[in-house]
Amino acid sequence: MALPWFQNQFPLYLAPMAGVSDKIFRQFCKEYGADVLTTEFVSAEGIFRRNERTKKYLDFDEVERPIGVQLFGADAEHMAEAAKQVVDWVRPDFVDLNFGCPVNKVVCKNGGSALLKDCATLANLAAAVVRAIAPWPTTAKIRIGWDADSVNAVRVARILVDSGIAALTVHGRTRAQGYSGAADWNVIGEVAAAISIPVIGNGDLTNAVDVLRRRRETGISGAMIGRAAMSGPWIFRETKAYLLNGETVDPPALVERWKLILRHCELIVRDWGAEEPAIRSMRTRLMAYSKSLPDARRLRERFSQVSTIAEVEAIAEENILNPESRTLGEIQIPAFLIPF
């Protein structure tokens, strides 16, 4: 098979989320059991024009395989050339085409989910990329349609199969919904029944029970998890155990969760080379992590103001000790909170 991770398996994908699915976070998710990773979406025009800033989004380590690079754009020739360059530069396991992004700055250039309204261009673009990088596999991600009056996921899926796409991810919302409302898994199931290639379901998968239920209901070949992983990347470990034998795995202990958060902060500072801007860039990520922690609302407020690792460490120590009003002398302080 072009995508061997589907052979006798039900792979769990980390969703390609802009500003989230960077190398650091991808590797956390891999450690917790994610089977397939995808980069943040990358501008095909940026790659085509050999923009160095764009090229940095292609960076990944071997430990992340299998990994795909997701491209967005609207010009078939440029997309095909960009895909060839990606394969030549970093040799990913596959190239994924973004036909689902709802963001205005992408849609206004006829990219992302705008192509769901222009099936002829979508078909030409997909076929051009498939031809350009063959035998490297090309996959795609779509939404179920532009709006409630134009749900055309089954038609688009068949077009993509005819274009040579090797697997398809379907997010169960329309472009008009953005990230609000509920994902329509009935449509995802219709797509899975209509085409022969693997279909990966995406949308409102918040825990292991959700994944198993949607797998049984729709016949999907894999699942893609996005926002739930932002607050707890251990969802992959929990889901794999539940799918394997119905085992319920407890979430990590509070200390382990805080250790992950501090490790994330340290790695982002190392990557940026400047502490304050790096930690400020982490504020949104920290607020996402807070959803998995006690007293999440108060934590979100505090995380929205941090600028240094020391501030995050102080919050961590306070929240590990505070749940039962314990003092430093009453518990063993985790090594990662002890200053050097």
Which residues end up grouped with Phe41 if you chain together Ile, Leu, Val, Met, Phe, Trp and Tyr wherever their side-chain heavy atoms are less than 4.5 Å apart? Phe72, Val106
Will you find, in the side chains of Asn202 and Thr169, an N or O donor that is under 3.5 Å from an N or O acceptor? no
Could you tell me whether the side chain of Asp96 and the main chain of Ala140 form a donor-acceptor pair under 3.5 Å? yes
Residues in salt bridge (Lys or Arg N to Asp or Glu O under 4.0 Å) contact with Glu276, at least two apart in sequence or another chain: Arg280
Could you pull out all residues at least two apart from Ala278 that satisfy side chain to side chain contact (heavy atoms under 4.5 Å, CB included)? Ile268, Val269, Trp272
What are the two closest heavy atoms between Tyr32 and Pro233, and how far apart are they? CB-O, 3.4 Å
Quick one: does any side-chain atom of Ser290 pair with a main-chain N or O of Leu299 as donor and acceptor, under 3.5 Å? no
Would you say Asp184's side chain and Val187's backbone share a donor-acceptor pair under 3.5 angstrom? yes
Let me check something: any side-chain donor-acceptor pairs from residues 122-136 under 3.5 Å, sequence neighbours excluded? List them with distances.
from   : atom 1 : to     : atom 2 : distance (Å)
Asn124 : ND2    : Ala120 : O      : 3.3
Trp136 : NE1    : Pro92  : O      : 2.4

Tyr179 six-ring centre to Arg227 NZ/CZ under 6.0 Å and within 45° of normal: no
For Ala176, what residues pass the side chain to side chain contact (heavy atoms under 4.5 Å, CB included) criterion, not counting sequence neighbours? Asp147, Thr174
Could you tell me if the side chain of Trp234 sits less than 4.5 Å from the side chain of Val249, heavy atoms only? no
Give the table of side-chain donor-acceptor pairs shorter than 3.5 Å for residues 58-68, with sequence neighbours excluded, one pair per line with atom names and distance.
from  : atom 1 : to    : atom 2 : distance (Å)
Asp59 : OD2    : Lys23 : NZ     : 2.7
Asp61 : OD1    : Lys23 : NZ     : 3.4
Asp61 : OD2    : Gln27 : NE2    : 2.8
Glu62 : OE1    : Arg65 : NE     : 2.9
Glu62 : OE2    : Arg65 : NE     : 3.3
Glu62 : OE2    : Arg65 : NH2    : 3.3
Glu64 : OE1    : Arg26 : NE     : 2.5
Glu64 : OE1    : Arg26 : NH2    : 3.0
Glu64 : OE2    : Gln27 : NE2    : 3.1
Glu64 : OE2    : Asp61 : N      : 2.8
Arg65 : NH1    : Arg91 : O      : 2.8
Arg65 : NH1    : Asp93 : OD2    : 3.2
Arg65 : NH2    : Arg91 : O      : 2.9

What residues, two or more places apart in sequence or in another chain, satisfy side chain to side chain donor-acceptor pair (under 3.5 Å) together with Lys240? Asp35
In chain order, what residues pass the side chain to side chain donor-acceptor pair (under 3.5 Å) check against Tyr289, with sequence neighbours excluded? His264
Give the C-alpha distance, both sets of side-chain angles, the deciding distance and a yes or no for ring-ring contact (aromatic ring centres under 6.0 Å, His included) between Phe94 and Trp5. CA-CA 12 Å; Phe94 60 99; Trp5 48 91; 5.6 Å; yes
Applying side chain to side chain contact (heavy atoms under 4.5 Å, CB included) to Glu77 and not counting sequence neighbours gives Asp75
For atom CZ of Arg213, decide whether the heavy atoms of other residues, nucleotides or ligands shown that lie under 6.0 angstrom number more than 12. yes
Partner set under side chain to side chain donor-acceptor pair (under 3.5 Å) for Arg300, not counting sequence neighbours: none
For residues 101-110, pull every pair meeting side chain to side chain donor-acceptor pair (under 3.5 Å), keeping only residues two or more places apart or in separate chains. Asn104-Arg175
With a 3.5 Å distance limit and no angle check, can you tell me whether Arg283 reaches the backbone of Val306 through a side-chain donor-acceptor pair? yes
Would you confirm whether Ser163, through its side chain, and Ile165, through its main-chain N or O, come within 3.5 Å as a donor-acceptor pair? no
Could you tell me whether the side chain of Asp210 and the main chain of Thr206 form a donor-acceptor pair under 3.5 Å? yes
May I ask you to list the residues sharing a hydrophobic cluster with Leu244, side-chain cutoff 4.5 Å, ordered by chain and number? none
Taking all atoms of both residues into account, what is the closest heavy-atom pair of Arg143 and Ala153, and its distance? O-CB, 4.3 Å
Search all heavy atoms of Ala182 against all heavy atoms of Gln177 and return the closest pair with its distance. O-NE2, 3.3 Å
Short side-chain to backbone donor-acceptor contact, Thr38 and Ala15, under 3.5 Å: no
Gap between atom CD1 of Ile315 and atom CH2 of Trp258 - 0.5 Å precision: 6.0 Å
